[in-house]
Amino acid sequence: MITIEPVGDWNWEAEVSGDAARPSHAVTLAGAIWDILAARELALPPGRLSFSVRSFSDMRDVHVSLEDRPVESGRLPSDVAVADAAGRADRLKGDFLVSLRIMCPGVWWESGVRYRAEQLFAFQVDIWKSSLAVVTLETYSDAWLTMDTREREQLAVHAVNEPRLRAVLDDITSLMGVPPEPGDSNRHATPTGRGFADPRVEGFAYSDSWGTYDVPARARRLRQLLPPSEGEYEEITDHPVCYFTVRRGDQVLGYVWASVGEDAAGFEPRTAAGNAAFDAGAEWVLRLREAYEEGLSAIDALGWLARVPVRPEMGCIVEDTPQQAESLDALEDLSGRY
């Protein structure tokens, strides 16, 4: 399953001085970490980079900021915009917090198939007051666990993916010269210095953590992109659902659905598609609201959506006839799993 919040995280802290204490060292260090992840296909272009320098005495005081910069490789110092931001940061005088964060698309393997998630990992490099370098690595997949976050055993998935994570942790440890500090046990899993504790032995903190927390979190994220509405279809149903797959180019963005037994309809974003899934989902929900205002039943609205023209950024419906899922939960699972 691909998650909204991290499944686990690890931290490395090392004292620095000289050139390693300069803000530009955060760029060099981030490039090296990208390359470590990229060697295992855990960082693929385009990543998304943000960089900031804040006064240590007042974090609201931002001296340098660079947002949503595409990352194509670990050669970050050769990126003109990144190099310019780092150069301006190096010329500052005083105590600062330098932060560089990169969202990393990457791939995991399941049943011999290669799947891509637009945020498989994220990492952050912080330099505190030119004296301490802190690296934080986060993963948004449960492919490294012996059981997924819906409590299903996945030994074959674990066997092919977990060694890749372990190699990354070892390489970052060699780069930093200090061992990792695993993050706290969370709703999904328990990180360790070499990966994750085995949930078959340790158990999970919460039953079906993905269904309990990620499904509502995705719904909230989608809602944040929508204007208020006085009337629309119900968002949940206990009946089977019919659905269409929404694709843009070669990327599945999600699934627009309607209940076969209730006046309920909606859009399930494919979590692995990242922000594009939620942006497109908001547009499809707005179209469903139009159908509701016209008095169409939910199932008729689904057929109407297949016929009306849409903007390219919304993606397009793939099938000629709707597919059926035994429940909304089953469709949610599909949208979060692959």
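Just so you know, these numbers use all the heavy atoms, side chains as well, and skip hydrogens, waters and symmetry mates.
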Margin query: A side-chain contact here means heavy atoms from C-beta on lying under 4.5 Å apart; do T271 and R218 qualify?
Written below: yes
Notebook entry, point to check: What about M1 and L155, same hydrophobic cluster or not, with Ile/Leu/Val/Met/Phe/Trp/Tyr joined at side-chain heavy-atom distances under 4.5 Å?
Noted result: no
Next item on the list: Assess whether side-chain hydrogen bond (donor to acceptor under 3.5 Å, both in side chains) is satisfied between E13 and N11, documenting all intermediate values.
Entry: CA-CA 7 Å; E13 295 186 6; N11 297 275; over 6 Å; no
Note to self: I want to check something: taking the side chain as every heavy atom from C-beta on, are I102 and I33 in contact at a cut-off of under 4.5 Å?
What the structure shows: no
Next item on the list: Taking only Lys NZ, Arg NE, NH1 and NH2, and the carboxylate oxygens of Asp or Glu, determine whether D250 and R116 approach each other closer than 4.0 Å.
Entry: no
Item checked: L49 vs L100 side-chain heavy atoms within contact, under 4.5 Å -> yes
Checklist line | Validation row: R289, V285 side chains within 4.5 angstrom (heavy atoms) | finding: yes
Next item on the list: Would you mind checking if E5 and R187 are paired as a salt bridge, meaning a charged N to carboxylate O distance below 4.0 Å?
Entry: no
Checklist line | NZ/NE/NH1/NH2 to OD/OE distance under 4.0 Å, R114 and E41 | finding: yes
Next item on the list: Mind jotting down which residue pairs meet the salt bridge (Lys or Arg N to Asp or Glu O under 4.0 Å) criterion with at least one end in residues 191-215? Sequence neighbours excluded, please.
Entry: R150-D208, D170-R194, D198-R200
Check: Can you name the residues that form a salt bridge (Lys or Arg N to Asp or Glu O under 4.0 Å) with E235, not counting sequence neighbours?
Finding: R223
Notebook entry, point to check: Does Y292 share a hydrophobic cluster with L305, counting links as ILVMFWY side-chain heavy atoms below 4.5 Å and allowing steps through other members?
Noted result: yes
Check: Salt bridge between D333 and R152, side-chain N to carboxylate O under 4.0 Å?
Finding: yes
Checklist line | Short side-chain donor-acceptor distance under 3.5 Å, D58 and S55 | finding: no
Notebook entry, point to check: Is there a donor in the side chain of S209 and an acceptor in the side chain of H188, or the other way round, less than 3.5 Å apart?
Noted result: yes
Note to self: Is the distance between the ring centroids of W108 and Y338 under 6.0 Å?
What the structure shows: no
Notebook entry, point to check: Hey, what do you get for CZ (R164) to CH2 (W144), rounding to the nearest 0.5 Å?
Noted result: 5.0 Å
Next item on the list: Say whether T3 and W210, considering side chains only, have a donor N or O and an acceptor N or O under 3.5 Å apart.
Entry: no
Check: Are any of the side-chain heavy atoms of L169 and L137 separated by less than 4.5 Å?
Finding: yes
Margin query: Do R248 and C316 make a side-chain contact, defined as non-hydrogen atoms from C-beta onward lying under 4.5 Å apart?
Written below: no
Check: Hey, what's the ring geometry for F267 with W284, parallel, tilted or perpendicular (30° and 60° as the breaks)?
Finding: parallel
Next item on the list: Inspect the surroundings of CD in E290 and state if more than 12 heavy atoms from other residues, nucleotides or ligands are less than 6.0 Å away.
Entry: yes
Note to self: Quick one, S99 and F51 - any side-chain contact, counting heavy atoms below 4.5 Å?
What the structure shows: no
Note to self: So for atom CG, which belongs to D320, do other residues, nucleotides or ligands contribute more than 12 heavy atoms lying within a distance under 6.0 Å?
What the structure shows: no
Margin query: Testing the 3.5 Å rule here: is there a donor-acceptor pair between the side chains of R221 and N275?
Written below: yes
Notebook entry, point to check: How far does CG of D9 sit from OH of Y140, to the nearest 0.5 angstrom?
Noted result: 9.0 Å
Check: Got L334 and L331 here, is their nearest side-chain heavy-atom distance under 4.5 Å?
Finding: yes
